[in-house]
Protein chains: 2
Amino acid sequence: MFEHMFDYVIPMTVTTVASIAARLGISRTTVSNAFSRPDQLSSHLRQEILCAAQALGYPGPDPLAQSLRRGNSSYVALLFGEELATSLLTSAAQRLLASVAAASEQHWGGLLLASAAACRPRRAAGPTGRASQPTAGGLIAYSVPEQATGGFVRSPGKRVLIGGPPPTNPEIAWVQFDLALGAHALGRHLVELGHRSVHMVRTPVFSASFGWPEPAEAMGEHIFDGFSQGLGAALSHTYDLCAVPTRKQCVELLGTAENATAIACDNDATALALHAIAKQLGIKIPEQLSIVGVGDVPAARLAGLTTISEPCASAGHTALALLAEGGRCVLPAEVMMRDSTGPAHSR
Amino acid sequence: MFEHMFDYVIPMTVTTVASIAARLGISRTTVSNAFSRPDQLSSHLRQEILCAAQALGYPGPDPLAQSLRRGNSSYVALLFGEELATSLLTSAAQRLLASVAAASEQHWGGLLLASAAACRPRRAAGPTGRASQPTAGGLIAYSVPEQATGGFVRSPGKRVLIGGPPPTNPEIAWVQFDLALGAHALGRHLVELGHRSVHMVRTPVFSASFGWPEPAEAMGEHIFDGFSQGLGAALSHTYDLCAVPTRKQCVELLGTAENATAIACDNDATALALHAIAKQLGIKIPEQLSIVGVGDVPAARLAGLTTISEPCASAGHTALALLAEGGRCVLPAEVMMRDSTGPAHSR
DNA sequence: TTGTAAGCGTTATCAC
DNA sequence: GTGATAACGCTTACAA
């Protein structure tokens, strides 16, 4: 009964172009023009309108209605494959977010965060269920399969995929990461640190932290090639190990690698395992042994593992550029220098 | 001339409720109901509609149009005072973002990031200028003055302010941080570490990293009170220092504090300065001297300074709850234990 | 259970 | 330089 008691606080009429027009006795078009197309208007009348708008507390054209009418939103969406809560744990995702945020601030009206995982397909939305997929003017999808990116934007040309396999649809832009180049750089770095006997651990089926089902072996190969080219003659031995080695395997490997000054793994999980076991065995890292991995998983940062990371900081800017121009490009991975590498010494 | 060459790729008619209705020879209402109000429909017909929608590649109701019509958006906006590029550097902002993201994923359709700084007032938007303020269903504003939060949401009841002074408008929800409680905890912690002679540095006008113009002294007082209660008899001396002390001042202070085992500052800037100079003087931290600050500025993390941080991880959940229920609550600050504190020893 | 009609707030088109 | 009209895609009383 008394639910409208406080209505006086809220203006009964929401201020809109129509109300301003009515107030001034002119047409809605003219008011709209005053905001969106100043050149269509005598500047005198424009001032008058702007003035009246301010007086009426009009906050400006509603972005929602604008988007609906114009068919484009001023938001750019950043889409992750996993739940946001999970994705934002990754240093890669954090850096990507920061760079997208920074770069988008110039030309976009807002940054929309969403995850493909949390967005059930729109059609399943019930009456009380939360709304489904967001709509944006542009979409940047990180580690999301091409198929899952539909529906967020109106045109495929407004999509750019980061990482993963190249999109089938040629209209979709693509930023690729070249981890092999990073591996090459990391290999060279080890050589420059004086390492002359580096052992490499290869994981036959290796999909690491990149949730891509397909080019796992291929990617592993590329990384291996990158490392071996970077290391040159310093690469003295190669092991094959499963991605989640047992303690025993690690101990054996470390024994075999006794006269190696560094161990390079093609993934972080293995590198972290060796790192942990080596410490347990009393091997000082990096004084006696340097260890590097690939992927920059969250644990790598915590453990201080030197590793190769997807170049997310540059990816943000690049993606935004590609959103405008379209096209594809490949970015070299970056080396994350941390505490598990140092000058070569013998054990 | 040939700009429409590839039109065959894009369906000439965008799929919409109307097109589905036309296809099936029924009314738009029924189609809409099939998606938004399943109970208004025979499940048989509903299936038929959903089926046809899928066949036509209909991605579901356009959130934009839905929002416009229903007058509420399914996005929740997280608003920062500074540019996103700047804000996201802060550990506090990162933690807040993560917690809001996690908590919002359950009930909201997307998370909109924006900064009050980057949003010029709507009315200034030119014809080609990017759209102005985003519109959301709910707004969480962190370190943003109450006045700058208008226009993002349609109703004041859909706003919650985090930090800063209490909002004037009683409809706006508020999450307050109690740094004094954190100071108390940190003081106790020092005592528990065995410190019996703790010196305190007070900064008369102290607004630290909280861009609030007003209760600077008051806040400083509260923090001091918190510390002194937590420290009890261990608090043996208090200095007054400006927020950005000179090197000379630091050296003098460290000399005077020679028989203190710990120094507590009411802000990070001072603590960091003392921390740096102490190291230069060869004082081992934390072995010989523990130093703590307040605020958890980015540099504090890098320097490994133990400090008090705004409890952003819990703030996200709390804010989201308050968005629904309204109201106000106060959260105790958290102690960020880092490397600048350790057991008490004498110098 | 289904259809009709009237919007939500804005802007593009085309007359005047 | 200005104004009427018709959308944009959807929802929701209310009537059938």
Side-chain angles (χ1 to χ4, degrees), chain A residues 11 13-22 24-49 53 56 58-74 109 122-123 125 127-128 131-133 135 137 151 154-155, chain B residues 11 13-22 24-49 53 56 58-74 122-123 125-128 131-133 135 137 151 154-155:
Chain A
T13 318
V14 178
T15 322
T16 165
V17 277
S19 47
I20 299 175
L24 262 54
I26 56 178
S27 94
R28 301 198 299 272
T29 305
T30 309
V31 178
S32 174
N33 282 339
F35 287 97
S36 306
R37 305 170 68 175
D39 53 320
Q40 301 290 312
L41 213 62
S42 74
S43 68
H44 172 64
L45 179 56
R46 175 155 193 261
Q47 278 313 317
E48 200 172 334
I49 295 176
L56 266 58
Y58 178 64
D62 182 342
L64 234 49
Q66 263 179 329
S67 296
L68 181 60
R69 180 62 241 246
R70 301 214 260 230
N72 68 352
S73 160
S74 75
R122 280 199 201 165
R123 35 179 327 222
T128 51
S132 36
Q133 290 184 352
T135 312
R154 282 190 161 84
S155 138
Chain B
T13 319
V14 179
T15 322
T16 166
V17 277
S19 48
I20 299 176
L24 264 53
I26 56 177
S27 93
R28 302 198 299 273
T29 306
T30 310
V31 178
S32 174
N33 283 339
F35 286 97
S36 308
R37 306 170 71 177
D39 53 320
Q40 302 290 311
L41 213 59
S42 75
S43 67
H44 171 65
L45 179 55
R46 176 154 193 260
Q47 279 313 316
E48 200 171 335
I49 295 175
L56 267 58
Y58 179 65
D62 181 343
L64 235 50
Q66 262 179 329
S67 297
L68 181 58
R69 179 63 238 250
R70 300 214 260 232
N72 68 352
S73 160
S74 74
R122 279 200 203 166
R123 37 179 326 224
T128 51
S132 36
Q133 289 185 352
T135 313
R154 281 191 160 85
S155 138

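A note on names: the letters A, B, ... follow the listed sequences, proteins ahead of strands, and every chain is numbered from 1. What you see below is based on every heavy atom in this structure, not just the backbone, and it leaves out hydrogens, waters and symmetry mates.
Scanning all heavy atoms of the two residues, the minimum distance from S67(A) to S73(A) falls at OG-CA, 3.5 Å. The two residues A65(A) and L68(B) have their closest heavy-atom pair at CB-CD1, 4.0 Å.
Atom P of nucleotide dG9(C) and atom CD of Q66(B) are separated by 17 Å, given to the nearest angstrom. In this structure, D62(B) places its CG atom 15 Å from C1' of dG9(C), rounding to the nearest Å. Atom-to-atom, CG of N72(A) to C1' of dA12(C) comes out at 13 Å; the value is rounded to the nearest Å. If you take CG of N33(B) and P of dT1(C), they are 11 Å apart, rounded to a whole angstrom. As a whole-Å value, the separation of F35(B) CZ from dG9(D) C1' is 13 Å. Between the P atom of dA4(D) and the CD atom of Q40(A) lies a distance of 17 Å, rounded to the nearest Å. In this structure, L64(A) places its CG atom 13 Å from P of dT11(D), rounding to the nearest Å. Regarding R69(B), its CZ atom lies at a distance of 13 Å from the P atom of dA6(C), rounded to whole Å.
Nearest-nucleotide positions on DNA chain D place L45(A) closer to the 5' end than the other of R28(A) and L45(A). Residue whose closest nucleotide on DNA chain C sits further toward the 5' end, between I26(B) and A65(B): I26(B). Residue-to-nucleotide proximity on DNA chain C shows that, of T29(B) and L68(B), the 5′-proximal contact is made by T29(B).
The line from NE2 of H44(A) to CD1 of I49(A) is 10.0 Å long, rounded to the nearest 0.5 Å. Rounding to the nearest 0.5 angstrom, the gap separating the CZ atom in R28(A) from the CD1 atom in I20(A) is 12.5 Å. Going from atom CG of N72(B) over to atom CG of L64(A) covers 9.5 Å, rounded to the nearest 0.5 Å.
Distances shown here put every side-chain N or O of S67(B) at or beyond 4.0 Å from the OP1 or OP2 atom of dC8(C). Within the 4.0 Å cut-off from OP1 or OP2 of dT11(C), at least one side-chain nitrogen or oxygen of S36(A) is found. Taking side-chain N and O atoms only, T16(A) has a distance below 4.0 Å to OP1 or OP2 of dT10(C).
As judged by a 4.0 angstrom heavy-atom cut-off over every strand, S32(A) is placed among the base-contacting residues.
Of the candidate nucleotides dT13(C), dT11(D), dT10(C), dT11(D) has the atom lying nearest to any side-chain atom of R70(B).
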